[in-house]
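Only one structure is covered here, and it is reproduced in the block below.
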Amino acid sequence: MTSRLACADSAFPRLSHDVALAVIADLGIDAVDVCIWAGYDHNPPEVALADPARSAEEIGARLERHGLHPADVYLILAESFEDRAVNHPDEAVRDDAYRQFEATLDLAVRLGSPGVTILPGAVFPGIDEGESLDLAARELQRRAEQAGEAGLRFTVEPHFRSIVPTPMRTAVLLERTEDVGLALDPSHFAFQGYELEDCFPLLSRTQHVHLRQGGPGLVQARTHEGTIDYALLRDRLLDGGYEGYFTLEYQWEEGWLDFTRVDCIGETADMRDLMLEPRR
């Protein structure tokens, strides 16, 4: 399992990117989800995507310095879920978001990442949710095809307050797309009271996994406090032929669902140890 583990660099936003990577390497993890996230200092989109070739060279040099390689490039273009959503009702906004996605593909290819992850879209007041989901599906399929042409897998992460906040809505989105893969983070579903078993119908389309504990009313819990049986999830995925990464994604963040209540380094280490336990 060691070679299957990665860690999101967003876990340590108050450190420099170089030091965050050093912490990840010190935890014995050799793969990283490189987060190109609005509002984060490490690699904000307005910097990283302005010159993808230069950014890939700089990020790649930092990864190499710490003996790390990319597991994913995760793009979040705006600090609100709605501002640059793939299903934004304004076509000009959608077109700009797509141009930024194309720059992300360029960055990911140059960096040697196996894939790219984005958000699935948002809910907009006054817009029929069925029509909004259809638009999201079309835009996501378009991106999946573009990523495939670049030799990259393409995944979306369903999350609380997205157009697909539940396992059932996620299944509908996947039914409406042919090539979109899933970056599964069960904590967003556990937060709303769903059980891990509710995610099992999604596993055949899962190509990337984010790991942190959660439970009803708590999207980020300590590793031994939550309700998600990650060992079971690991074994189900591996039994089904899963070949992707399991990315440790404890993160410190102010103002978002009480994310400051855990010690990210300690919980990352505990989740790492849990995932390295022998299969049942």
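Fair warning: this is a prediction, and the values are worked out from it, not measured in the lab.
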Between atom [atom1] of [X] and atom [atom2] of [Y], what is the distance when rounded to the nearest 0.5 Å?
| X | Y | atom1 | atom2 | value |
| --- | --- | --- | --- | --- |
| T117 | I76 | OG1 | CD1 | 10.0 Å |
| R234 | L211 | CZ | CG | 10.5 Å |
| M271 | H224 | CE | NE2 | 8.5 Å |
| L107 | E102 | CG | CD | 14.0 Å |

Min side-chain heavy-atom separation [X]-[Y] under 4.5 Å:
| X | Y | result |
| --- | --- | --- |
| E82 | R161 | yes |
| P158 | L182 | yes |
| F154 | I118 | yes |
| L184 | L233 | yes |
| L63 | H69 | no |
| F160 | V219 | no |
| V123 | F81 | no |
| D198 | E195 | yes |

Output, in order, the C-alpha distance, side-chain angles, deciding distance and verdict of side chain to side chain contact (heavy atoms under 4.5 Å, CB included) for R169 and L133. CA-CA 9 Å; R169 290 288 286 175; L133 184 61; 3.7 Å; yes

Taking [Y] as the starting point, is it possible to reach [X] by hopping between hydrophobic residues whose side chains are less than 4.5 Å apart?
| X | Y | result |
| --- | --- | --- |
| L237 | L5 | yes |
| L202 | L232 | yes |
| L173 | V209 | yes |
| V93 | L119 | no |
| V164 | F200 | yes |

Chi angles and distances behind the side chain to side chain contact (heavy atoms under 4.5 Å, CB included) call for Y242, L203: CA-CA 9 Å; Y242 179 73; L203 298 189; over 6 Å; no

Show me the donor-acceptor pairs within less than 3.5 Å that the side chains of residues 29-39 make with the rest of the protein, sequence neighbours left out.
unit_1: D33; atom_1: OD1; unit_2: H208; atom_2: NE2; d: 3.3
unit_1: D33; atom_1: OD1; unit_2: T247; atom_2: OG1; d: 3.1
unit_1: D33; atom_1: OD2; unit_2: H208; atom_2: NE2; d: 2.9
unit_1: D33; atom_1: OD2; unit_2: T247; atom_2: OG1; d: 3.3
unit_1: W37; atom_1: NE1; unit_2: Y74; atom_2: O; d: 3.4

Pair H17, D9: side-chain N/O donor-acceptor within cut-off below 3.5 Å: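 Yes.
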
So, T223 and E267: side-chain donor and acceptor under 3.5 Å apart, yes or no? yes

Please report the closest heavy-atom contact between [X] and [Y], naming both atoms and the distance.
| X | Y | result |
| --- | --- | --- |
| A183 | H210 | CB-CE1, 4.4 Å |
| R4 | G244 | CD-O, 3.5 Å |
| A108 | V116 | CB-CG2, 3.6 Å |
| F191 | L218 | CD1-N, 3.2 Å |
| P165 | Q192 | O-NE2, 2.7 Å |
| S204 | P201 | OG-O, 4.2 Å |

What verdict does the salt bridge (Lys or Arg N to Asp or Glu O under 4.0 Å) test give for D72 and R153, after you've listed the backbone C-alpha separation in whole Å, the side-chain angles of each residue and the deciding distance to 0.1 Å? CA-CA 9 Å; D72 190 40; R153 61 148 177 78; 3.0 Å; yes

Does the plane of the ring in Y98 sit parallel, tilted or perpendicular to the ring in F101? Use 30° and 60° as the thresholds. tilted

For the residue pair F189 and Y194, does the interplanar ring angle fall in the parallel (under 30°), tilted (30 to 60°) or perpendicular (over 60°) class?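 Perpendicular, since the angle between the ring planes exceeds 60°.
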
I'd like to know whether D106 forms a salt bridge (Lys or Arg N to Asp or Glu O under 4.0 Å) with R110, so could you lay out the CA-CA distance, the side-chain angles of the two residues, the decisive distance to 0.1 Å, and finally the verdict. CA-CA 6 Å; D106 186 11; R110 293 175 183 275; 2.7 Å; yes

Other residues, nucleotides, ligands: >12 heavy atoms within 6.0 Å of [X] [atom1]:
| X | atom1 | result |
| --- | --- | --- |
| R279 | CZ | yes |
| R222 | CZ | no |
| E225 | CD | yes |
| E91 | CD | no |
| R54 | CZ | no |

Yes or no on side chain to side chain contact (heavy atoms under 4.5 Å, CB included) for D96 and H88, after CA distance, side-chain angles and deciding distance? CA-CA 11 Å; D96 181 64; H88 196 284; over 6 Å; no

Who pairs with A25 by side chain to side chain contact (heavy atoms under 4.5 Å, CB included), at least two apart in sequence or on another chain? H66, L68

D273: what forms a side chain to side chain contact (heavy atoms under 4.5 Å, CB included) with it, not counting sequence neighbours? none

Sub-3.5 Å donor-acceptor pair from the side chain of [X] to the main-chain atoms of [Y], do we have one?
| X | Y | value |
| --- | --- | --- |
| S187 | G214 | no |
| Y250 | Q213 | yes |
| R62 | L21 | no |
| S132 | D128 | no |
| R212 | E249 | yes |
| Q141 | E178 | yes |

Run through the side-chain heavy atoms of Ile, Leu, Val, Met, Phe, Trp and Tyr, join any pair under 4.5 Å, and report what else lands in F124's cluster.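 Under the 4.5 Å side-chain rule, F124 groups with I127.
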
Among L27, T268, D270, which residue meets the side-chain contact (heavy atoms from CB on, under 4.5 Å) test with L248?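 So the option named by the test is T268.
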
Not counting sequence neighbours, list each pair that qualifies as a salt bridge (Lys or Arg N to Asp or Glu O under 4.0 Å) and has a residue in residues 139-150. R94-E139, E139-R142, E139-R143

I'd like to know whether L77 forms a side chain to side chain contact (heavy atoms under 4.5 Å, CB included) with L49, so could you lay out the CA-CA distance, the side-chain angles of the two residues, the decisive distance to 0.1 Å, and finally the verdict. CA-CA 10 Å; L77 281 173; L49 302 182; 4.2 Å; yes

Salt-bridge test for D229 and R236: reply yes if a basic N is under 4.0 Å from a carboxylate O, no otherwise.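 Result for this pair is no, no salt bridge flagged.
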
Going by the rule salt bridge (charged side-chain N to carboxylate O under 4.0 Å, His left out), which residues pair with D41 if we only count those two or more places apart in sequence or in a different chain? none

